[in-house]
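Accompanying notes for the structure given below.
Only a predicted model underlies this, so the values are computations on that prediction, with no experimental measurement involved. Excluded from the calculations below are hydrogen atoms, water molecules and symmetry mates; all remaining heavy atoms, backbone and side chain alike, are included.
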Amino acid sequence: MTAILTPALDRVEERLPIVPRQIFRLNRALAGRAFDLVEYVSKNTRNSFCAVADRGRVGIATVRGQADEARETTTESIRSTANVARTKARQVTGQATAQAKATTDLAADEAASILDDVVNQVEGGPTGSYSTWTKAELYERAQQLDIDGRSSMSKTQLISALRSA
C-alpha cells in the first residue's frame, strides 16, 4: 500500500509552498516513525506471546506426564501403602505449582522487557530491555528519574527500581 501512496504523496508535497511542504514532510516522517514503532511493538508482543505459550505448553506436557506417572504409581501404591500415593500427589502438586510460576514469571519478564524497550525508544534512550543495559546505563537512567538510593543498588535492584518508577 505504501508503494501506491508514496508517489501520490510525493506529488502532493512537490506542489506545496515551502513552509507547508516542510510541515507535510514532517508529518510524513512522524507517521512513518509511529508506524515503525507500532510494527516493532506488535512483532515483539507476538514473539513474547509465542514464548509464553510455548512455555505453557511445556509446563502442561510436564504436568500431564507426571500426572500419568503418578496415576500408575498410585494404583500400585494403593495396594501396598497409602503413604506412597500421598507423596507422589504432593510431588505432582509441587511440580504443577513450579511450572505455573515459571510460566507466570516468564510472561511478566517478557511484558516488562517489551515495555522497557518501548519506553526507551519513545524517550530516545538505549534500546532493548533493561536487562540488556549495562549497570552504568541503568544508573544514568536512575539519575534522570531521581531514584533514591541508586548509588548503592545492584544491577538487579536498579532494574526493579526503574520498572517501578
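Once rounded to the nearest 0.5 Å, the distance linking CD of E137 with CG of L158 reads 12.0 Å. The distance from atom CG of N27 to atom CD of E13, rounded to the nearest 0.5 Å, is 10.5 Å.
Of the possible polar contacts, one joining the K155 side chain to the W133 backbone as a donor-acceptor pair under 3.5 Å is found. The main-chain N or O of T156 is never found under 3.5 Å from a side-chain atom of S160 such that the two would form a donor-acceptor pair.
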message: Please evaluate residues L138 and Q157 with respect to the criterion side chain to side chain contact (heavy atoms under 4.5 Å, CB included), reporting the C-alpha separation (whole Å), side-chain torsions for both, the decisive distance (0.1 Å), and the verdict.
response: CA-CA 10 Å; L138 293 166; Q157 290 169 324; over 6 Å; no
task: Please lay out, stage by stage, how Q22 and R25 fare under the test side chain to side chain contact (heavy atoms under 4.5 Å, CB included).
output: CA-CA 5 Å; Q22 291 298 80; R25 184 177 295 146; 2.9 Å; yes
query: Is there a side-chain hydrogen bond (donor to acceptor under 3.5 Å, both in side chains) between Q95 and Q91 once you walk through the steps?
result: CA-CA 6 Å; Q95 187 59 244; Q91 288 174 350; over 6 Å; no
task: Verify side chain to side chain contact (heavy atoms under 4.5 Å, CB included) between F24 and L9, making sure each step is shown before the conclusion.
output: CA-CA 9 Å; F24 189 80; L9 291 172; 3.8 Å; yes
- request: Evaluate side chain to side chain contact (heavy atoms under 4.5 Å, CB included) for R15 paired with R21, printing each intermediate quantity in order.
  value: CA-CA 8 Å; R15 293 185 186 130; R21 182 182 315 146; over 6 Å; no
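With side-chain heavy atoms closer than 4.5 Å counting as contact, directly or through intermediates, F35 stands alone and belongs to no larger hydrophobic cluster. Side-chain heavy-atom separations under 4.5 angstrom define the hydrophobic clusters, and the remaining members of the one that includes L30 are L26. By the 4.5 Å side-chain criterion applied to Ile, Leu, Val, Met, Phe, Trp and Tyr, I18 is assigned to a cluster that also includes V19, I23.
Heavy atoms of other residues, nucleotides or ligands lying less than 6.0 angstrom from CZ of R64 number 12 at most. Sparse packing is recorded around CZ of F49, with 12 or fewer heavy atoms of other residues, nucleotides or ligands lying under 6.0 Å away.
In summary, R33 and D36 do not engage in a salt bridge, as defined by a charged side-chain N under 4.0 Å from a carboxylate O. A salt bridge between R28 and D10 is present, with a side-chain N of the basic residue lying under 4.0 Å from a carboxylate O of the acidic one.
Between V58 and R55 there is a side-chain heavy-atom pair separated by less than 4.5 Å.
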